[in-house]
> 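After the structure tokens below, expect a handful of questions from me.
On a predicted model such as this, the values are computed, not experimentally measured, just so you know. The residues of the chain are indexed from 1 along the displayed sequence.
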Amino acid sequence: MAAPSMGGVSLPRGNGQTVRLPRGASLTDLAEKIGAQPAALVTALFHLGEMVTATQSVNDETLQLLGAEIDWDIQVVSPEDEDRELLETFDLTFGDEGDQEDWEARPPVVTVMGHVDHGKTKLLDAIRNTNVVAREAGGITQHIGAYQITSELEGEDRPITFIDTPGHESFTAMRARGAKVTDIVVLVVAADDGVMPQTVEALNHAQAADVPIVVAVNKIDKEGANPAKIRQQLTEYGLVAEEYGGDTMFVDVSATTRQGIDDLLAAILLTADASLDLRANTEQDPQGVVIEGKLDKGRGPVATVLVQRGTLRTGDSIVAGDAYGRVRSLLDEYGNKLKEALPARPVQVVGLTSVPRAGDTFLVVEEDRVARQIADRRQARIRNAQNAQMRKRISLEDLDAALRENRQLNLIIKGDNSGTVEALEEALMKIEVSDDVSLRVIHRGVGSITKSDIDLALADDVIVLGFNVRAEGQATELANREGIDVRYYSVIYQAIEEIEAALKGMLKPEYEEVGLGTAEVREVFRVPRIGNVAGSIVRSGTITRNSKARLVRDGVVVADNLAVESLRRFKDDVTEVREGYECGIGLGSFNDIKVEDVIETFEMREKPRE
């Protein structure tokens with residue numbers, strides 16, 4: 001039943017009915033669901049103070065505001081639910097199937113977490129005898145890596161999969177994803193430093209994921225190391241060591257001297273055996289999660305994936321997030337080719353059409369056609385959600401100001417892998433400077449900066465950020481010729497600081513009033529062709545010619561926006577008169593000056609940005 005809405009617009013009332021919409025849906029999408037005209041919804045939102053076109057992606061809050069007005073319960077479907085519904089349309093599910101009795105034992109997946117510079121990467125170096133930390137800019141891990149090693153327990157070789165998550169605070173989202181795919185968390189705490197903010201943050205992620213925790217007390221070989229203090233500090237966060245009567249295993253290690261490494265691996269396997277039943281179905285269609293993605297010059301898009309169930313093989317048709325393709329080859333962490341990857345095995349997949357994002361789910365389907373259709377729909381969903389997120393809400397009151405002045409910094413972000421690009425974008429979007437300026441990422445991608453990126457940057461005032469990547473030959477030439485600002489970074493701190501400085505530079509200057517001096521009027525002189533001149537004595541500061549002034553009478557401002565147009569000492573024109581001296585002050589055409597008035601002079605100075 002249609003009922004009049006705001007401004008005489010006729011809209012079908014929902015009477016509390018529920019309508020489900022994907023994130024980033026437009027008013028046209030809503031109109032199709034409820035049988036309304038898109039123009040009517042545009043008008044209704046206009047009366048609610050929102051300027052939105054019919055085909056524009058709308059954020060969740062605006063959709064629900066409109067729904068409340070027209071009596072529809074609008075539910076914005078989460079990406080996970082939408083993905084589940086998408087797979088159901090292809091008769092696919094993401095999850096375990098089959099009789100658990102036929103499942104096979106699988107290795108534990110271990111995530112290493114902890115505060116920056118507490119030795120996580122060096123500890124993994126000691127475990128897998130590689131030297132990743134030497135390749136990290138500033139010694140900071142800036143992307144996720146996954147590796148599998150073999151350890152011996154009770155005479156049996158047992159594989160363990162490790163995921164190295166970054167320790168820098170701006171990689172919180174990636175660290176959270178690490179906790180979601182993991183079975184056991186190794187919390188690394190430096191014995192000479194103690195529990196730090198990111199230690200607590202990592203611990204919160206692990207506890208939220210409801211996974212067992214093994215604490216590695218690192219750097220016990222350093223002077224000032226106090227492992228007992230670490231045990232005591234973590235007791236406050238619910239981690240009680242076994243030697244104190246708790247159920248958390250603490251292992252003292254040194255990544256430098258390799259002391260305690262075997263004990264740590266044994267503790268991981270014992271915790272897995274005691275707390276977890278790690279088995280997986282190896283027969284169903286392979287499924288899992290993308291750990292990281294990058295663009296390799298020789299191989300093209302390469303995704304590091306963690307198989308969670310099923311067996312991934314060469315030749316499988318795979319869809320990972322909005323990327324799809326046929327598996328051309330499977331590589332282990334050392335670049336060796338594999339025929340297949342069982343559950344809990346991290347493996348590099350070559351053959352995708354594009355680079356998937358860290359945290360995307362992957363699954364194998366029967367036909368390439370189905371993989372392409374799923375990828376296309378996911379891509380459209382991601383694009384709509386991003387458009388809705390980027391859109392800045394503009395009220396009718398702010399519309400004129402927004403049209404007059406659009407202070408926006410546009411960015412293109414290119415990086416060496418998808419997880420880093422996403423984390424950098426998230427960190428930059430959190431920069432808060434002022435409501436007067438905004439930051440917009442118009443494009444992000446993996447791989448070197450190409451000519452098409454520079455062409456896109458030419459369309460508007462865009463800064464191109466390259467994170468651990470460089471511009472190609474033609475791109476460099478074009479950027480130099482057209483004056484496009486291309487900046488290269490290898491450490492995320494620098495990128496955040498420079499973009500924040502750029503945003504502050506876009507702000508209108510802020511000025512503050514700085515008092516210069518005050519003078520008391522003792523006598524008023526009438527001067528032909530000039531007007532009244534105040535015979536005054538300077539009470540404080542300095543009176544300067546051409547400075548701004550105001551006249552105060554009995555504590556009340558009589559006139560503002562005046563200027564000291566003439567300043568004299570006896571018969572001489574002067575530029576300034578200091579405290580304690582007498583002078584004649586002319587305020588231009590303003591003549592309402594009386595004895596005992598106070599003339600205040602000041603200047604407006606630009607305030608430095610904090």
> Looking at V185, is its backbone amide N or carbonyl O close enough to the side chain of T111 to form a donor-acceptor pair, meaning the two atoms are under 3.5 Å apart?
no
> Whether the side chain of N480 engages the backbone of E477 through a donor-acceptor N/O pair (distance < 3.5 Å, no angle test) should be reported.
no
> Between M113 and V186, is any pair of side-chain heavy atoms under 4.5 Å apart?
no
> How many angstroms lie between CD1 in I160 and CD1 in I268, if you round to the nearest 0.5 Å?
5.0 Å
> Would you indicate whether the side-chain heavy atoms of L411 and I442 approach each other to under 4.5 Å?
no
> Decide yes or no for I412 and L456: does some side-chain heavy atom of the first lie under 4.5 Å from some side-chain heavy atom of the second?
yes
> Below 4.5 Å, heavy atoms only, C-beta onward: do N218 and V189 meet side chain to side chain?
no
> Taking only residues two or more places apart in sequence or in another chain, which ones pass side-chain contact (heavy atoms from CB on, under 4.5 Å) with Q75?
T18, R20, D73
> Could you pull out the closest heavy-atom pair between R328 and G351, with the gap in Å?
NH1-CA, 3.7 Å
> In terms of side-chain heavy atoms, does T256 have a donor or acceptor partner in S254 at a distance below 3.5 Å?
no
> Does the pair D455 and S452 meet the rule for a side chain to side chain donor-acceptor pair (under 3.5 Å), with working shown?
CA-CA 5 Å; D455 289 335; S452 62; over 6 Å; no
> Please examine the side chains of L21 and L63, heavy atoms only from C-beta on, and report whether any two atoms are closer than 4.5 Å.
yes
> Test side chain to side chain contact (heavy atoms under 4.5 Å, CB included) on D485 and V464 and set out the steps.
CA-CA 6 Å; D485 189 3; V464 182; over 6 Å; no
> Do V109 and I163 have side chains that get closer than 4.5 Å, going by heavy atoms?
yes
> Run the side-chain contact (heavy atoms from CB on, under 4.5 Å) test against P346 and tell me which residues pass, sequence neighbours left out.
A146, Q148, T161, L306
> Looking only at side-chain N and O atoms, does T420 offer a donor or acceptor that is under 3.5 Å from a partner on N417?
yes
> Which heavy-atom pair separates I261 from V253 by the least distance, and what is that distance?
N-CG1, 4.4 Å
> Check this for me: E482, atom CD, are more than 12 non-hydrogen atoms of other residues, nucleotides or ligands nearer than 6.0 Å?
yes
> Is any side-chain heavy atom of I149 closer than 4.5 Å to one of F162?
yes
> Taking all atoms of both residues into account, what is the closest heavy-atom pair of Q308 and A280, and its distance?
O-CB, 3.9 Å
> Please enumerate all residues that pass side chain to side chain donor-acceptor pair (under 3.5 Å) together with T311, with sequence neighbours excluded.
none
> Could you give the distance from CG (L465) to CD (Q494), rounded to the nearest 0.5 Å?
12.0 Å
> Would you name the heavy atoms of L330 and L312 that are closest together and state the gap between them?
CD1-O, 3.5 Å
> Does P356 offer a backbone N or O that forms a donor-acceptor pair with the side chain of S418 under 3.5 Å?
yes
> Could you check whether R326 pairs with D316 (Lys NZ or Arg NE/NH1/NH2 to Asp/Glu carboxylate O, under 4.0 Å)?
no
> Any chance you could lay out the side chain to side chain contact (heavy atoms under 4.5 Å, CB included) test for I184 and V214, step after step, and finish with the verdict?
CA-CA 7 Å; I184 296 173; V214 175; 4.1 Å; yes
> Going through the checks in order, is the side chain to side chain contact (heavy atoms under 4.5 Å, CB included) test met by I492 and L424?
CA-CA 7 Å; I492 196 168; L424 178 57; 3.6 Å; yes
> For the CD1 atom of I318 and the CG atom of D368, what is their distance to the nearest 0.5 Å?
11.5 Å
> Can you sort out the partners of L295 under side-chain contact (heavy atoms from CB on, under 4.5 Å), two or more places apart, ordered by chain and number?
P301, V355, V446
> I'd like to know whether Q348 forms a side chain to side chain donor-acceptor pair (under 3.5 Å) with T304, so could you lay out the CA-CA distance, the side-chain angles of the two residues, the decisive distance to 0.1 Å, and finally the verdict.
CA-CA 4 Å; Q348 296 182 67; T304 300; 4.6 Å; no
> List for me each residue that meets side-chain contact (heavy atoms from CB on, under 4.5 Å) alongside R299, sequence neighbours excluded, and say none if there are none.
D296, V302, L331, V350
> How far does OG1 of T62 sit from CG of L27, to the nearest 0.5 angstrom?
9.0 Å
> Does K122 use its side chain to pair, donor to acceptor, with the backbone of A255 at less than 3.5 Å?
no
> Which heavy atom of V469 sits nearest to which heavy atom of Y488, and what is that distance?
O-CD2, 3.3 Å
> Considering all heavy atoms of both residues, which atom of A371 and which atom of V319 are nearest to each other, and what is their separation?
O-CG2, 3.8 Å
> Please report the interatomic distance CG(D332) to NZ(K337), rounded to the nearest 0.5 Å.
12.0 Å
> With sequence neighbours left out, what residues match E498 under side chain to side chain donor-acceptor pair (under 3.5 Å)?
R487, Y489
> Looking only at atom types and distance, does a side-chain atom of T353 sit under 3.5 Å from a main-chain N or O of Y324, one as donor and one as acceptor?
yes
> Give, for atom CZ of R444 and atom CD of E425, the distance between the pair rounded to the nearest 0.5 Å.
4.0 Å
> For the residue pair L363 and D285, establish whether any side-chain heavy-atom pair is separated by less than 4.5 Å.
no
> Is E500 salt-bridged to K430, cutoff N-O under 4.0 Å?
no
> Show your working on salt bridge (Lys or Arg N to Asp or Glu O under 4.0 Å) between R470 and D416 and close with a plain yes or no.
CA-CA 10 Å; R470 309 295 290 182; D416 57 341; over 6 Å; no
> Using only atom types and a distance under 3.5 Å, with no angle test, would you say the side chain of D193 pairs donor to acceptor with the backbone of A190?
no
> Is the backbone of A126 close enough, under 3.5 Å, to the side chain of R258 for a donor and an acceptor to pair up by distance?
yes
> Report the C-alpha distance between I374 and V365 in whole Å, list the side-chain angles of each, state the deciding distance to 0.1 Å, and finish with yes or no for side chain to side chain contact (heavy atoms under 4.5 Å, CB included).
CA-CA 10 Å; I374 294 173; V365 294; 4.2 Å; yes
